[in-house]
Every structure is written in structure tokens, then in C-alpha cells.
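Worksheet: one structure, shown below.
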Amino acid sequence: MEQHIHQALLEAAPQLFGCTITEEHIQFQQTRKDVEGDLTLVVFPFVKLLRCSPQEAGEKIKTWIEAHITGVSHCVAINGFLNIVFTNDYWLKQLNQIQQTPMYGFAEPASKPTVMVEYASPNTNKPLHLGHLRNIFLGASVAEILKAVGHKVVRTQVINDRGIHICKSMLAWEKFSPVNDKGERETPVNTGLKGDKLVGKYYVEFDKALQKEAKEIIANWLSGNFSDTPEAIKDAVLNFQKAKDGKDEKAQAAIDDKIKELAKNQTAILQEAKDMLVRWEARDPQVYLLWTTMNGWVYEGFDATYSQMGVSFDKLYYESDTFLLGKDQVMEGLKRGVFYQKSDGSVWIDLSADGLDEKLVLRSDGTAVYMTQDIGTAIDRFKDFPDLHGMVYTVGNEQDYHFKVLFLILQKLGYAWAKNCFHLSYGMVDLPSGKMKSREGTVVDADDLMEEVIDKAKTMTQERGHLEGLSNLEREQLYTQIGLGGLKYYLLKVDPKKRMLFNPEESIDLTGNTGPFLQYTHARICTLLEKANYASETLIETAPLQAEEKEIIKQLALFESTLNEAAKVYSPALLANYTYELVKLYNTFYQSVKIVIEPNHEVRQLRLALSASVKQVLAQSLNLLGVEAPTRM
RNA sequence: GGUCUCGUAGUUCAACGGAUAGAAUAAGCGUUUCCUAAACGUUUGAUCCAGGUUCGAUUCCUGGCGAGACCA
């Protein structure tokens, strides 16, 4: 309808205004709730054109629309806005249409190009935490949304499975794991620990041992004992010590940190880890076996977590396979003059013309940096999937600069698809106590959190739910649906770009703007329709329509444009807010009228059709958010 | 030091440059002979500061103040 009026106005402009108008003149918006109208045309843009008051301009357009647009009942011009009211017939037709379209609002599957969505880039020595949950729920939801608007989607994750940090947990396990009476060190099987948790534990063990040794070294240094310390380090330490004189507390602490860094580098245990990395890179069989074994434990653990989260992937990338990629492309780009080489042999790109800095893409010793790897990986993916059109990287906003540079480099290397790469940047999740810090033990573990929300859902559901007739298994599933639904909705309803606060208390609330609130409404409609034995049939188009009923149809009609907008800006939050609005309207309606027990057949049929349509759209959008829609609760 | 992001009720979040800045929560009051009260209705409360652009600014620009991130 909006399109229709838009087009009609463009065509009629010469006759109506005496001149042609452009797209920009025609601005539609949703009518405010407290005034009459179904669609609002902003009149201000026409005022200059017509050289008259906003009120006069409004009246003029009003007369024209009322006379020429079918489906419009009448218009009201106030304060520079023209509120257009559609006929009841129009809205009933809309409802009929929604009801008869099974995947209403969705585009034809695979009608748009393939897009790869990357989310979750876990590190194999740290169990998943709250930050990962936001990342993964966000990426998974965006993937679903892109599918819904017609894209083919490849969901992927990159696993950070190599490097010095992996060697740390491997080494700590070899050194510190107790041996049981069967002569085995700790494994997930003999400890009952989840694989990722076990490995994470040894990563922490390594750090403890490192700190301890560093402390001893510093103590030696402070007492003037510099045996075993290289001269250069000794000088550096002494210089730092001198620099502390006369500085304030904060500056002194910063210097102490630098000394600590030096001490850590002198520890035997870190040296051992570095040696192990060298052996790993040389494919030492013993180290390789340990690496594959421990990574295997971690993957089992991650799989369990993903399964609980209800997410999956189509393709996995391992850094151990891709960390050597990109060097060739850099050398190639160097030949073509995209990059330049400094006298020490390192390779750089100068992006100052684009408002950015100079950026290192290959070290002087020929080793790769993250950027090198990401260049290579991106190119590699387009080789893996020849019909790939674009990529979405779901990565935290601390990498904003990195991705800006990456996309620019890919563009300069001549890859046309670079413009279809998007960094889905999301804000950090803070806790009421501040930032999550692993060192201070304030990290919220993903498994623990999910267990907690499911537990809470269980308690609450047992208290007030309608569980009769459900098997134990069905009940457990329901608790999971509610708990996780609440958690997902809580994390997704906020604009992804924004930093958000996670309050453990609120995430499992059941009232207000929450997942369970939406689920509850869905469940209630399900039983309602069941009781009514509802079968959809074409509605009579002249039935009376109450204000509450019309509001719901209006909101239903907005689903498609909301979905498209959510896909365009990669924001599940838009969909979440839309759905919440729909549910609120429906609940108001539900409380104020009779539905199943309505005696008038025509009215009853209309209200049931309305309920069925709300249920359908509600279930669809919950699904897009990764939230399940229980049929009772 | 340079670059980027963000500042909205007590709190957590909304608002293509548009009308009287919306919700939720917390607190009070009210609604079950009737379809699930995890619901509904109702009362109280906010745009960091100073300029500028505009018919109109929470939104855009400049300068402060405050929070965070990245780069050396």
C-alpha cells in the first residue's frame, strides 16, 4: 500500500503540485499510536514546493488521496502530518492473505546468492564463556535471518588451535597432571571432567607456575642477584628501577608490570613451552600426538556446549591448517605494488590515503602476522565455495580496525567480493561488577550459565506451569526451551553494536520484555486454537473490525519489511523488538475480548484467524532468533 | 600521544532528522463465576554540558566532560 501511494504520488505530481517531485519528498512513517491513522505521510517536504502552510499542503494532498486511492477510507491532516486511514476491507484482505501464506514474509529459499557467516572463534584452551554466547547466538540468528530473506548460507567457525598458548596447556598437563594407580594422567574419562574444562584447567595451572617462577626471579633481582640473567635484561631492569623514583603510584605499578614481563620471559617454564612450539612446528610425532589428543578432548567438550546451545556449523576451519596461508598473496601483492618493503625486509601497506595507518603484513623474518593469515583465509574460502558472494564475520568490536584494514587490503588486491564482506561487530558483555576478567575469576562460564537458567526455568515452571500429561522427558525439554529461550532473547534484544550489561538475575526473569513472555503467549494461543478446533477458512471481507484487531493486523503486515531490514543491517534486535510489540498488542486484545467463547460465528472466526496468524508469525520470528516456541507451558 | 565507539527515567533497553522521547524493571492501586494471571489496566520518573546547521535535533557538525576499545 505504501508503495502504491508512493508511486501514485510520483505520477500525479505535475498535476497535483504543478511540478515534478523526487523520491526524497515522499516520506512515510508509522502513525503514532495515539492518533487516528494507519500510515502517515510527512507533509513538510512539500511545504517549500507549494509555498503554503503545512496545513494547506496537507489538505491538498488529503483531498487528492481520498479521491484517487482505493483502499483508503479517509485522511486526517494535522501538524504537518497526513494520517491516512485504510478501509476495513483492506485490512481484512491483508489478514486473509497472511493466513493463507504458509511462510508469510519469507523469501523463496536460495533465491539470493550464497553468504558465509562466521561466528564463534574459540580458543582451545579456554572453555566458552558469556562473551562467546553473545557472539554465537548473534551469528546463528543472523544466519537464519539471511536464509529467511532468500540467501544460501554457509555457517562456519574458526578454531584457534595452535600457537604458544596451546603449548602452555599441553606442557602443564605433562608436568603437573597426577598419575593414577593405572599409570594414567588425567583424562576426561578418568576424571569425568568435560574435555574443554580439563584442558582449561591446565592452562590456568601453567599460568600459576609461571607467576610463581617469575616472582622468584623478581625477588632475586631485587636482592641484587642477577646470575643467570643476560646483561641486556639486567640493564633494562635496573633502568626501570631507577625510573620509578619520584613517580606516582600508578606509574610505578606500570613499571612493575614491565619488570614482571621481563621476568616471565626469563622463566624456564616459558622457555619449555616455546621449545614445544618449535617441536610442534617441526611436526615432532610425540608433541603432535599430545596436541591431537588434547584438542580432541576440547572438541568433544565444545560439541556438548554447542548442542546444548542449539547451534551448529556447516564448515569448520582450523588455524593449524590456515596459519601459513597468505604469504604467497602478500608476495604477489608486493610484486604488483600494492605493498612495499622496508629495508629490514618487512612488508607493509600504506593506507594513509584512506585515512588509516601503515600496517605490517609480513614480518622481517618472513613470518606471518594475523593480517597475513586473514588475507589468505578469506581468499581460500572463496576458492572452497566458488559461488560464494560475501562473508559476515561475527567478531567483537575490539577488532573494528583490523577488519577495516583487512577489507581494504582485499579490495586493493583486486578482489571484487571484498565489498561484500561485513564485520558484524558486537559490543562486549559487562557484568554488574564490571568487565569480565579471567585473571580475576569473574568470567561467566557458558555451561554453568545455561545450567543455571534451565534450573531456574524448572523451578518456575513447576510452580505455575501446566504440565499435566507431559512425560518426564517432555518436561525436561520444556525447561530447556524456556531457560535457553530466555537467555537467547536477553542477549539478542539489544542492538548488537552496543556494549551491554549482563545481569544474571534479570536474564532469567520471566515477566516483561523476556523470552518466556513471548513463549507463553505462543503456548496460550496454541491451546486456544486447539480448544476451538480451529480450521482456517476465508474470512468475510465486510466483517466489523475493532481497533485492537486492526492494530494487530497492522503489526502482522509489518513482518516482512522488519525481516528485510533486520537482514540488511544484520540485527536480530530489530526482529526481537518487533515480536515483543506484536505480542503486547495481542495480549491486550486477548484480555479485552472473548475468542473461543464468542457467540457470534463471524466474529469468532475473525478472532481465531487473527490468533492463528499471530501464532504463525510469532513462531517464525522466535525461530529466527533461535528461540523455541513451546506449544504449552 | 593518534584513531574509533558510546553517554536517554533509580536500573536495563527503544526511538529512517519528525508529532506529547517509548518499553521493561522497581514501588503503589486495581482486574479471575469466562479461552493458561509467566497476562491485562492504571499512577510516578530521563535525552552529560555549551554552541551551530534545520520548518523541526536524542539523532547531523564543532568544542568540552565522562566511559570503553584499538594502534604504537
Side-chain angles (χ1 to χ4, degrees), chain A residues 27-35 37 40-48 53-54 57 78-83 352 355-360 396-405 425-428 430 432 434-435 457 460-461 463-468 482 485-486 490 493-495 497-503 505-507 509-532 534 548 561 565 568-569 573-574 576-578 580-581 583-598 604 607-608 611 630-633:
Chain A
Q27 291 174 28
F28 284 109
Q29 62 189 54
Q30 289 304 306
T31 306
R32 284 179 62 95
K33 280 214 193 94
D34 47 357
V35 294
T40 294
L41 177 70
V42 184
V43 177
F44 289 107
F46 299 102
V47 169
K48 269 188 204 161
S53 73
I78 36 167
N79 302 334
F81 297 91
L82 183 65
N83 298 325
S352 49
L356 304 174
D357 293 339
E358 297 182 5
K359 190 83 190 171
L360 178 71
N397 64 7
E398 71 272 15
Q399 307 252 25
D400 282 356
Y401 188 76
H402 174 84
F403 280 101
K404 229 187 255 180
V405 172
S425 162
Y426 65 90
M428 296 292 107
D430 286 328
K435 215 186 152 179
M460 300 307 278
T461 306
E463 224 168 80
R464 61 182 103 178
H466 303 77
L467 296 168
E468 59 289 349
I482 296 172
Y490 184 89
K493 73 177 177 188
V494 181
D495 183 346
K497 289 193 288 290
K498 290 197 177 165
R499 198 182 177 88
M500 71 178 287
L501 188 103
F502 180 84
N503 189 330
E505 312 272 303
E506 282 172 19
S507 69
D509 266 358
L510 308 174
T511 59
N513 188 357
T514 63
F517 170 65
L518 304 185
Q519 291 173 316
Y520 174 75
T521 303
H522 181 266
R524 198 162 63 172
I525 298 176
C526 285
T527 49
L528 184 83
L529 294 175
E530 208 175 295
K531 277 190 182 149
Y534 177 70
E548 292 96 334
S561 61
E565 186 63 20
K568 195 174 145 201
V569 301
L574 292 183
N577 289 337
Y578 164 86
Y580 176 59
E581 200 57 42
V583 165
K584 268 202 304 185
L585 288 172
Y586 181 79
N587 280 340
T588 304
F589 159 76
Y590 178 91
Q591 295 286 346
S592 64
V593 302
K594 293 177 173 146
I595 302 173
V596 178
I597 49 179
E598 165 63 41
R604 180 177 186 267
R607 291 179 182 164
L608 286 171
S611 303
T631 54
R632 55 187 292 186
M633 64 187 273

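Note on naming: letters A, B, ... go to the chains in the order of the sequence lines (proteins, then strands), and numbering restarts at 1 for each one.
Nucleotides U11(B) and C70(B) place their P atoms 27 Å apart, quoted to the nearest Å. Distance check on atom C1': C16(B) versus A69(B) gives 28 Å, rounded to whole Å. Nucleotides A9(B) and A14(B) have their P atoms positioned 13 Å apart, rounded to a whole Å. If you take atom C1' in U8(B) and the same atom in G2(B), they sit 30 Å apart, rounded to whole Å. Between C29(B) and U20(B), the distance separating the two C1' atoms is 25 Å to the nearest Å. Between C35(B) and G30(B), the two P atoms lie 23 Å apart (nearest whole Å).
Dashed line: the shortest gap from a side-chain N or O of Tyr520(A) to OP1 or OP2 of A38(B) is under 4.0 Å. Contact between the side-chain N/O atoms of Lys584(A) and the OP1/OP2 oxygens of C40(B) is not found at any separation under 4.0 Å. Checking the phosphate oxygens (OP1, OP2) of A23(B), no side-chain nitrogen or oxygen of Asn513(A) falls inside 4.0 Å. Thr588(A) has a side-chain polar atom (N or O) that falls below the 4.0 Å cut-off from OP1 or OP2 of G41(B). In this model, the phosphate group of A37(B) is approached by a side-chain N or O of Arg524(A) to a distance below 4.0 Å at OP1 or OP2. Between U20(B) and Lys33(A), no contact under 4.0 Å exists linking OP1 or OP2 to a side-chain N or O.
The CE atom of Met460(A) lies 10.0 Å from the CE atom of Met633(A); values are rounded to the nearest 0.5 Å. A distance of 8.5 Å separates CD in Gln27(A) from CZ in Phe46(A), rounded to the nearest 0.5 Å. In this structure, Leu501(A) CG and Met428(A) CE are separated by 14.0 Å, a value rounded to the nearest 0.5 Å. Atoms CZ and CG, from Phe28(A) and Leu82(A) in turn, are 9.0 Å apart once rounded to the nearest 0.5 Å.
Rounded to whole angstrom, the span from the CG atom of Asp357(A) across to the P atom of U3(B) amounts to 10 Å. Distance, Glu530(A) CD to U36(B) C1': 12 Å, rounded to whole Å. Rounded to whole angstrom, the span from the OH atom of Tyr426(A) across to the C1' atom of C13(B) amounts to 20 Å. Note: NE2 (His466(A)) to P (A39(B)) measures 13 Å, nearest angstrom. One interatomic measurement links the two molecules: CG of Asn587(A) to C1' of A38(B), which rounds to 10 Å at whole-angstrom precision. As a whole-Å value, the separation of Lys498(A) NZ from U59(B) C1' is 11 Å. Separating the CG atom of Asn83(A) from the P atom of G18(B) is a distance of 15 Å, rounded to the nearest angstrom. Between the P atom of U12(B) and the CZ atom of Phe517(A) lies a distance of 22 Å, rounded to the nearest Å.
Set against A38(B), C55(B), U12(B), the side chain of Glu506(A) has U12(B) as its closest nucleotide. When distances are taken from the side chain of Tyr590(A) to each of C6(B), U36(B), A38(B), the shortest belongs to U36(B). Nearest to the side-chain atoms of Leu501(A) among the listed nucleotides C71(B), A23(B), C13(B) stands C13(B). Distance from the side chain of Gln27(A) is smallest to C16(B) among U20(B), C16(B), C35(B). Listed candidates were C35(B), G18(B), U20(B). Nearest to the side chain of Gln29(A) is G18(B). Of the candidate nucleotides A19(B), C35(B), A38(B), C35(B) has the atom nearest to the side chain of Leu528(A).
Look at Phe81(A) and the base of A19(B); the rings stack, centres closer than 5.5 Å and planes less than 30° apart.
Side-chain atoms of Thr31(A) and Phe81(A), non-hydrogen and from C-beta on, never get closer than 4.5 Å to each other.
Side-chain contact check for Asn397(A) and Arg499(A): no donor-acceptor pair (N or O, by modelled atom type) lies under 3.5 Å.
Ion pair Glu530(A)/Arg632(A) not flagged as a salt bridge, since none of the NZ, NE, NH1 or NH2 atoms sits closer than 4.0 Å to an Asp/Glu carboxylate oxygen.
Taking the six-membered ring wherever Trp is involved, the centroid distance between the rings of Tyr520(A) and Phe517(A) does not fall below 6.0 Å.
Between the base of A24(B) and the side chain of Thr511(A) there is no donor-acceptor pair shorter than 3.5 Å. Judged by distance alone with a 3.5 Å cut-off, no donor-acceptor contact links the side chain of Asp495(A) to the base of A15(B).
With a cut-off of 3.5 Å on both pairing distances, the Watson-Crick and G-U wobble pairs of RNA chain B assemble into stems of 3 or more at B:1-7 with B:65-71, B:10-13 with B:22-25, B:27-31 with B:39-43, B:48-52 with B:60-64.
For U32(B), the base is syn relative to its sugar; the glycosidic angle is within 90° of 0.
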